[in-house]
Amino acid sequence: MREKLKDSVFKIWIGLSTSLVFIVVVYIFLYIFINGAGSINGEFLFSAPKGMPIGSEGGIFPAIVGSLLLMVIACAFASILAISTAIYLVFYCTSEKVKRLIHLIIQCMSGVPSIILGLFGYTLLVLHLGFGRSLISGGITLGVMIFPYIQVRVEKTLIEVDKAVITSSYALGVSKVYTLFKLIFPMCKFDIVSAITLAGGFAIGAAAPVILTAAVIFAPVPESIFSPVMALPFHLYILTGEGISLEKAYGTALVLMLILLVINIISVILNFTRKEHE
Amino acid sequence: MNILEINNLNVSYGSKQVIKNLSMNIEKNKITAVIGPSGCGKSTLLTTLNLMIAENGGSFTGEILFKGKDILSYEIDYLRRMIGIVFQKSTPFPFSIYKNLTYAPKYYGIKDKNRLNEIVENILKRVGLYDEINKNLNMLATKLSGGQQQRLCIGRALTVEPEILLLDEPCSALDRKNTANIEEMLLELSKDYTIVVVTHNLSQAKRISDYTAFILDGELIEYDTTENVFNNPKDDRTREYIKGIYG
């Protein structure tokens, strides 16, 4: 009887927790949707900010482009390093000590607050390397931020590949590199791409690293990777922080959320496709 | 003619010695069965022959000659190509049947489509899968039945044109009919290949092999023609094992 009671209490508890989270998420989304949908139109999406103070009219096109470009650079930079690190740890590193050390470093990296990463990017990339506030500085800083995230997931995926299948490949006299590129990557591609897209979503929503390394208020669409950019989270920060236009701020928030939603849906579809393949 | 000569082989994993001072010769184009209770070192013996042992963290002393030359003097890739191995658990790559069979040939530089198609067709015929699946070459290999998967894996090992085929309990997960299919196929293959098969199944060893080696606790107890081992064993331990005492 007591056990039964515990069981029902527990069930109610998890039911309530799940519903609470669900309600909060839906509430935020609906709230932003209702307040922001009105300001979304062709002009808002495809033109630059205008008006006095600037941003009170016009659109957010430069911020959308800037955010997407920052995300692409961050993903490219982080995924190359993260995948290489994961391959090294899983297939080449034989020393447990080295493995533990690298894992420790990656864990520490994932714990660094994003504003500190921003300061790091500012000091190293913007000042010392002379990239200035630019797409490249911001992209790399965001890349450093999402690196641990991609690395951990890719490493997990690689570890989960059936050892017997890999051994069968070696047994054919095939080299390790060929096995990696022709067997292991094709087997893991959906997981890897899904990890990168999710990390991209994480990067696109971050404001702190971008403020110090890439963003200049109301910068136009960048001409090169060394141009400053505008990013959606920063745009949002300016619109609300300076009290420029609450209505445009809701619109911007909605666009940002929709982009994230699309990224997440892509990731879910990729995961689903992978399961279908098995 | 002996294609493999094993002299005073000792194999160990760390401090645990698995094979003790084992010497035997493997005759070309014959089927040699290796029998013995679980954990006696049969599989270890197989993985030592093409140096897969190194991937599992084992080491060996003694001498193994492949066609009269020490196996360590060959490039490891070449050796593994010449001495193919198929494991107990079938391990098709999660790609199409076609890709499974062209994976290794492509690595060895065969790019021509017609040549690849020819290889796939020949292999499927050799392992008796041609009639069953030649229309479904793009099907995922993991969707094949257990017996078909194992035959595909044997086929995949044949795509690199080995001289010796090592089989580690190839039928242990299969039913009678599939086992019979594979046995028939092995008899056919032994015309062109030297086959060493580790098996738990004594009647299987009796049915298909020319020679039988009995291993107990890492020692070679008896090695002779299959007929002699089963009908007239010289060692009491062999006799007891065959009667089913060690199980």
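It should be emphasised that the depicted structure is a prediction, and the values quoted were computed from it without experimental measurement. A note on names: the letters A, B, ... follow the listed sequences, proteins ahead of strands, and every chain is numbered from 1.
For Phe95(B), the part lying near chain A is the side chain, with the backbone staying farther off; criterion is any non-hydrogen pair under 4.5 Å. For Phe87(B), the part lying under 4.5 angstrom from a heavy atom of chain A is the side chain only. Contact of Pro162(B) with chain A is not made at all, since no heavy-atom distance falls under 4.5 Å. Residue Lys106(B) touches chain A through both its backbone and its side chain, counting heavy-atom pairs closer than 4.5 Å. Of the atoms belonging to Thr179(A), heavy atoms from both backbone and side chain fall under 4.5 Å from chain B.
Lys191(B) is linked by a salt bridge (Lys or Arg N to Asp or Glu O under 4.0 Å) to Glu188(B), counting only residues two or more places apart in sequence or in another chain. By the side-chain contact (heavy atoms from CB on, under 4.5 Å) test, Ser95(A) is found to be paired with Lys97(A), Val98(A), residues two or more places apart in sequence or in another chain being considered.
Ion pair Glu132(B)/Arg151(B) flagged as a salt bridge, since at least one NZ, NE, NH1 or NH2 atom sits closer than 4.0 Å to an Asp/Glu carboxylate oxygen. For the pair Lys156(A) and Asp191(A), the salt-bridge criterion is not met [side-chain N within less than 4.0 Å of a carboxylate O].
Ranked by heavy-atom pairs shorter than 4.5 Å toward chain B, the options Ala164(A), Pro186(A), Ala171(A) are led by Ala171(A). Of all the listed residues (Arg81(B), Glu75(B), Met52(B)), the one sharing the greatest number of non-hydrogen pairs under 4.5 Å with chain A is Met52(B).
Side chain of Ser67(A) to backbone of Ile64(A): no donor-acceptor contact under 3.5 angstrom is found.
Environment of CZ in Phe131(A): crowded, with over 12 heavy atoms of neighbouring residues, nucleotides or ligands closer than 6.0 Å.
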